[in-house]
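Just follow the structure's listing: the first ligand is 1, and inside any ligand the first atom is 1. Values below: all heavy atoms of this structure, side chains included; hydrogens, waters and symmetry mates excluded.
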Amino acid sequence: MSARLSRLLLGLSCCLAGPSLAQAESGFEVADASREAYSRIHPDLPQAKSEEVFRGRGLFRQSWVIPPAKDIEIAGLGPLYNQISCLSCHPKNGRGQPPESPQQAMRSMLTRLSLPGEDEHGGPLPHPVYGGQLNEQGIPGVPGEGRVSVDYREEAIKLADGETVKLRKPVYTFVDPQYGPLPANILYSPRVGPSVFGLGLLEAVDEQTIRRLAEDGKRQGLQGHPNLVWDAERQRKVIGRFGLKANVATLKQQIAGAFIGDMGITSSLHAEENCSVSQAACKQAPSARQPELSDAQLDAVLLYLRLLQVPARRNTGDAMVLEGEKLFAEIGCTACHTPTLTTGDFPELPVLSKQTLHPYTDLLVHDMGEGLADGRPDYLAGGSEWRTPPLWGIGLVERINEHSYFLHDGRASNLTEAVLWHGGEALLSQKKFIGLPKMERLALIRFLESL
Ligand code: HEC
Ligand code: HEC
């Protein structure tokens, strides 16, 4: 045990008095560590809103059905799609996982596609046939587009204390592409469905705050920057916040994008089914309605996701957790994983205004090195850049999602591996983590588990 940790243990009396569950600091922090902790809805709601929010929850959990079924509110799946419900990739509002073997299809993961170049707004250039995402499934009569299989190559990394950790490097192969071979220069990015709680808070952080975080980072020698993406509703570029490269402008556009891209459900933001010109059977398949998702339904899902609370930290009086929290700052993790932010004014939904949140993200994209690169740029996010993911609630993943796969493609099988994959701008932090005495390394992980 490090001298420092034993000092801490001796000085414990200072902290035992504190509650073991953190006091909720805002209406969005909820003292719940159960399997429902990612699914708690902000309680201060007018009656009219509470009906809407439960409708939104129903739509998020719903398995959608194939048209024609005109009178059914939940018809519209396909013709091409990845999964039949939002929940399949965001189980219990938490995170999905990669397939367990190369034979298994992706169940809670998808693969973004593009060609080198940019679309008219500077975003990724979709493949003319396959589009911007490989849809693995199709309704009867419409072949799914194919699948991506995942295998792993192990690489060992030695830590300063002599321990060796094996890291799994994913190797992807396109299997049975149904609409012609994919070109050799195809850019692709396999991504696991991330957790979806707390996103209203992230949306309510104002742009100025995000820009200031980038400037603070520059002073510390980092190159994190906001992504600037096309906002189809406001018809201009804004700071992107959603998606793993901060590649989407607003929560509403993220949701409408998921409905069309992941489930083949049209909405006022995406009026056309997700079929390219040469996908004839897809083109001919009937739609349920025009659009399949009404604006009222879209707004209900938006309200639901905006109002999902965040689990409060646990064991914050534990000496090891406190030690880990200190180390988290000392070795530079907080330079990107910003512990505390406040929201600005959010007139659309005032409960989100002026809230203090503990997301452990700066909402910026950072160069994470070649090891994590997907080589697929998305607006200003380069091929090795990723949005700092929020770490709130990460300590409950194992309980709620019954796995511990982390990072954008789930390659890390636990938190230690996730940290060891950090490179690029985070290389210095990663090196310091490797150099920690075992007890301090464990303390840092214990801190992550308290989030
Ligand atoms: C096939 C799996 C899959 C399905 C189905 C799916 N998602 Fe996702 N979701 C993802 C992935 C992967 C991402 C990250 C996307 C990216 O980086 O561009 C994501 C991102 C999101 C985000 C942004 C999270 C963040 O932290 O920025 C929201 C919100 C979201 N999805 C909502 C939905 C909704 C609503 C539905 C149902 C209409 C849905 N998703 C269906 C896989 C899925
Ligand atoms: C330069 C910015 C930066 C620094 C410094 C940094 N991180 Fe990260 N972190 C990221 C980004 C970006 C990702 C997402 C990478 C990916 O998914 O490929 C990430 C991912 C993670 C994840 C996995 C999260 C998830 O949802 O899967 C954990 C855990 C984590 N970081 C912990 C740490 C710790 C501990 C440190 C300090 C040793 C640290 N990070 C330092 C930017 C940073």
Exercise for review: Output the list of atoms in ligand 1 that are nearer than 4.0 Å to some heavy atom of Val192, sorted by atom number.
Suggested key: 12 (C)

Practice item. Number the atoms of ligand 1 from 1 as they appear, then name those within less than 4.0 Å of a heavy atom of Ser85, with their elements. Key: 5 (C)

Exercise for review: If you have a sec, work out which protein heavy atom is nearest atom 38 (C) of ligand 2 and how many Å separate them, to one decimal?
Suggested key: Cys333 SG, 2.7 Å

Exercise for review: Could you tell me which atoms of ligand 1, counted from 1 in the order shown, lie closer than 4.0 angstrom to a heavy atom of Gly193?
Suggested key: 10 (C), 11 (C), 12 (C), 42 (C)

Check your understanding: Which of the atoms of ligand 2 are close to Gly332, meaning less than 4.0 Å from one of its heavy atoms?
Key -> 5 (C)

Exercise for review: Evaluate whether atom CZ of Arg35 has more than 12 neighbouring non-hydrogen atoms of other residues, nucleotides or ligands under 6.0 angstrom away.
Suggested key: yes

Point to revise | Neighbour count above 12 (heavy atom, 6.0 Å) for Lys169 NZ | key: yes

Review point. Ring centroid separation for Trp64 and Tyr81, is it under 6.0 angstrom?
Key: no

Exercise for review: Indicate whether any N or O donor in one side chain lies under 3.5 Å from an N or O acceptor in the other, for Ser287 and Glu273.
Suggested key: yes

Exercise for review: Tell me which part of Trp421 gets within contact of ligand 2: side chain, backbone, both or neither, using heavy atoms under 4.0 Å.
Suggested key: neither

Check your understanding: When rounded to the nearest 0.5 angstrom, what is the spacing between CZ in Arg168 and CG in Asp409?
Key -> 8.5 Å

Practice item. Looking only at protein heavy atoms, identify the closest one to atom 41 (C) of ligand 1 and say how far it is in Å. Key: Asp262 OD2, 3.4 Å

Check your understanding: What about Gly243: any of its N or O atoms under 3.5 Å from an N or O on ligand 1?
Key -> yes

Check your understanding: Which of the numbered atoms in ligand 1 are below 4.0 angstrom from a heavy atom of Met263?
Key -> 37 (C), 38 (C)

Exercise for review: Report, in ascending order of atom number, the atoms of ligand 1 lying under 4.0 Å from any heavy atom of Leu199.
Suggested key: 24 (C), 26 (O), 29 (C)

Practice item. Could you list the atoms of ligand 1 found under 4.0 angstrom from a heavy atom of Phe259? Key: 38 (C)

Check your understanding: Taking atom CG of Leu420 and atom CD1 of Ile157, what is their separation to the nearest 0.5 Å?
Key -> 5.0 Å

**Study point:** Shortest protein contact, atom 27 (O) of ligand 2 (heavy atom only)
**Key:** Leu407 N, 2.7 Å

Exercise for review: Considering the heavy atoms of Phe406, write down every atom of ligand 2 situated less than 4.0 Å from one of them.
Suggested key: 27 (O)

Check your understanding: Measuring from the heavy atoms of Ala335, does anything fall under 4.0 Å of ligand 2?
Key -> no

Check your understanding: What residue and heavy atom of the protein are closest to atom 3 (C) of ligand 1, and at what distance?
Key -> Cys89 SG, 2.6 Å

Point to revise | His270-Phe259 aromatic ring centre distance below 6.0 Å | key: no

Check your understanding: Should the pair Lys432-Glu330 be classified as a salt bridge under the 4.0 Å nitrogen-to-oxygen rule?
Key -> no

Check your understanding: Got a second to check how far Tyr130's OH is from Leu115's CG, nearest 0.5 Å?
Key -> 12.0 Å

**Study point:** Criterion side chain to side chain donor-acceptor pair (under 3.5 Å) on Thr361 and Arg387, from CA distance to verdict
**Key:** CA-CA 8 Å; Thr361 174; Arg387 176 193 69 177; 5.5 Å; no

Review point. Which is closest to atom 13 (C) of ligand 1 by heavy-atom distance: Gly261, Pro389, Pro194?
Key: Pro194

Review point. Against heavy atoms of Asn82, which atoms of ligand 1 measure under 4.0 Å?
Key: 1 (C)

Practice item. Let me see the working for Thr338 and Asp362 under side chain to side chain donor-acceptor pair (under 3.5 Å), right down to the final yes or no. Key: CA-CA 5 Å; Thr338 312; Asp362 53 9; 4.7 Å; no

Revision key, fill the gap. Here the atoms of ligand 1 under 4.0 Å from any heavy atom belonging to Leu251 are 29 (C)

Point to revise | Separation of Leu182 CG from Glu145 CD (nearest 0.5 Å) | key: 9.0 Å

Practice item. Specify the protein heavy atom at minimum distance from atom 32 (C) of ligand 2: its residue, its atom name, and the distance to 0.1 Å. Key: His337 NE2, 3.8 Å

Point to revise | CD (Glu370) with more than 12 external heavy atoms under 6.0 Å | key: no

Point to revise | Student check: side-chain heavy atoms of Trp386 and His366 closer than 4.5 Å | key: no

Exercise for review: Just go through Trp386, Tyr405, Phe447 and tell me whose heavy atom is the nearest to atom 12 (C) of ligand 2.
Suggested key: Trp386

Review point. With a 4.0 Å cut-off, would you call Lys92 and Glu36 a salt bridge?
Key: yes

Point to revise | Any N/O pair Gln83/ligand 1 closer than 3.5 Å | key: no

Practice item. For atom CG of Asp176, decide whether the heavy atoms of other residues, nucleotides or ligands shown that lie under 6.0 angstrom number more than 12. Key: no

Point to revise | Over-ring placement of Lys237 relative to Trp230, 6.0 Å and 45° cut-offs | key: no

Check your understanding: Salt bridge or not for Asp374 and Arg112, using N-O below 4.0 Å?
Key -> no

Study note, to complete from the structure: In terms of its nearest heavy atom to atom 4 (C) of ligand 2, the top option of Gly410, Gly371, Cys336 is Cys336

Exercise for review: May I ask you to identify, for Ile331, whether its side chain, its backbone, both or neither come under 4.0 Å of ligand 2 on a heavy-atom basis?
Suggested key: side chain

Check your understanding: How about Tyr188 and Phe174: are their ring centres within less than 6.0 Å of each other?
Key -> yes

Practice item. Ignoring angles and geometry beyond distance, decide whether His408 reaches within less than 3.5 Å of ligand 2 through its nitrogen or oxygen atoms. Key: yes

Point to revise | Of the listed options Val196, Ile255, Leu244, closest to atom 14 (C) of ligand 1 (non-hydrogen atoms) | key: Leu244

Exercise for review: May I ask whether Arg95 has any heavy atom positioned less than 4.0 angstrom from an atom of ligand 2?
Suggested key: yes

Practice item. Looking only at protein heavy atoms, identify the closest one to atom 29 (C) of ligand 2 and say how far it is in Å. Key: Leu415 CD2, 3.8 Å

Exercise for review: Report the nearest protein non-hydrogen atom to atom 18 (O) of ligand 1: residue, atom name, distance rounded to 0.1 Å.
Suggested key: Arg112 NE, 2.8 Å

Review point. Which bit of Leu391 is near ligand 2, meaning a heavy atom under 4.0 Å away: side chain, backbone, both or neither?
Key: side chain

Review point. Is the count of non-hydrogen atoms from other residues, nucleotides or ligands lying under 6.0 Å from Lys218 atom NZ greater than 12?
Key: yes

Study note, to complete from the structure: atom 10 (C) of ligand 2: closest protein heavy atom, distance to 0.1 Å, is Met368 CE, 3.4 Å

Check your understanding: N/O/S of His422 less than 2.8 Å from atom 8 (Fe) of ligand 2?
Key -> yes

Exercise for review: Using side-chain hydrogen bond (donor to acceptor under 3.5 Å, both in side chains) as the criterion, point out the one residue from Arg289, Arg55, Gln62 that pairs with Glu73.
Suggested key: Arg55

Study note, to complete from the structure: Looking only at protein heavy atoms, what sits closest to atom 39 (C) of ligand 1 is Ala258 CB, 3.5 Å

Review point. Which bit of Val419 is near ligand 2, meaning a heavy atom under 4.0 Å away: side chain, backbone, both or neither?
Key: side chain

Review point. Please state which protein non-hydrogen atom is closest to atom 21 (C) of ligand 1 and give its distance, to 0.1 Å?
Key: Gln254 NE2, 3.3 Å

Practice item. Identify the protein heavy atom lying closest to atom 37 (C) of ligand 1, giving its residue, its atom name and the separation to 0.1 Å. Key: Cys86 SG, 1.8 Å

**Study point:** Nearest candidate to atom 7 (N) of ligand 1, where distance is taken over non-hydrogen atoms, out of Arg191, Lys245, Met106, His90
**Key:** His90

**Study point:** Arg387 heavy atom under 4.0 Å from ligand 2
**Key:** yes

